[in-house]
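Counting from 1, the numbers follow the sequence of the chain as shown. Counting starts at 1 for both ligands and their atoms, following the listed order.
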Amino acid sequence: MTETPSLRLVEITDDNFDAAVKVEVREDQNRFVAPVLYSLAQAYTNRGTAWPRLLMDGDEAVGFLMVKFDPEEEDPDFRAEIWRLNIGEKQQGRGYGRFAVEAAVEEARRRGFGRITVSWVPGEGSPEAFYLGMGFHKTGRVEDGEVIGELLLG
Ligand SMILES: CC(C)(COP(=O)(O)OP(=O)(O)OC[C@H]1O[C@@H](n2cnc3c(N)ncnc32)[C@H](O)[C@@H]1OP(=O)(O)O)[C@@H](O)C(=O)NCCC(=O)NCCS
């Protein structure tokens, strides 16, 4: 039997759906990210391009990641894009966000993308410093009030 690594991204199924929607950020962070339930509804309506995953540490659901992969997208800023990242309120600051971003980067590379983007709401409590610390650079573009950052995948 192969050993299951403790920290991993898994597909969301009927079996872990309840655990997934229970991943909640701090209340004051709700203005930076949509609830998991909303993202999963969007994953349904974007079945061809959404890549939703639950971040598990052992038996515990600690976070949610959704990436959009669409090589056909006209706008290059939205071809490989971290769409949502929610780390549970009590699980933040333990390296889970970093793991999720690295996993998104790895999946983008695997699919042959040379670049991955993310957009964030700026301001107090924003994830901006987190993404800049992860190596993203601001593109200079702001769309609907959200700053677009990019990471080139060498
Ligand atoms: C932003 C978020 C994803 C970060 O996840 P996390 O698991 O708490 O972050 P990690 O523990 O992996 O931190 C990785 C690094 O980023 C730093 N970091 C994390 N959050 C940060 C913040 N808000 N500001 C500055 N640095 C931050 C950590 O100090 C750590 O640095 P180190 O590796 O040098 O020690 C998480 O706090 C979250 O879900 N926030 C609410 C929702 C949100 O804003 N999502 C993003 C939507 S675009």
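By the 6.0 Å contact criterion, CG on D28 is enclosed, its count of non-hydrogen atoms from other residues, nucleotides or ligands being greater than 12.
Using a 3.5 Å distance cut-off with no hydrogens or angles, the side chains of S6 and D57 do pair a donor with an acceptor. For the residue pair E60 and Q91, a side-chain donor N or O sits within less than 3.5 Å of a side-chain acceptor on the partner.
For the pair R47 and Y44, the cation-pi criterion (under 6.0 Å, within 45° of the ring axis) is fulfilled.
Interface atoms of ligand 1 facing N86, defined by a heavy-atom separation under 4.0 Å, are 39 (O). For ligand 1, the atoms closer than 4.0 angstrom to any heavy atom of F32 are 44 (O), 47 (C). Near G95, meaning under 4.0 Å from any of its heavy atoms, are these atoms of ligand 1: 10 (P), 11 (O), 12 (O). Near V25, the atoms of ligand 1 lying under 4.0 angstrom from a non-hydrogen atom of the residue are 39 (O), 41 (C), 42 (C). Numbered from 1 in the order shown, with element, the atoms of ligand 1 that lie under 4.0 Å from a heavy atom of P127 read 1 (C), 44 (O), 46 (C).
Judged by distance alone, the side chain of R53 and the main-chain N or O of L65 form no donor-acceptor pair under 3.5 Å. The closest donor-acceptor contact from the side chain of T139 to the backbone of I148 lies under 3.5 Å.
Residue, atom and distance of the protein heavy atom nearest to atom 12 (O) of ligand 1 are R98 N, 2.8 Å. Of the protein's non-hydrogen atoms, G97 N, 2.8 Å is the one closest to atom 7 (O) of ligand 1. If you check which protein heavy atom lies closest to atom 45 (N) of ligand 1, you get L85 O, 2.8 Å.
Taking 4.0 Å as the cut-off, Y131 counts as a neighbour of ligand 1 on heavy-atom distance. Ligand 1 has S119 within reach: a non-hydrogen atom of the residue lies less than 4.0 Å from it.
Using a 30° and 60° split on the angle between ring planes, W120 and Y131 fall in the parallel class, below 30°.
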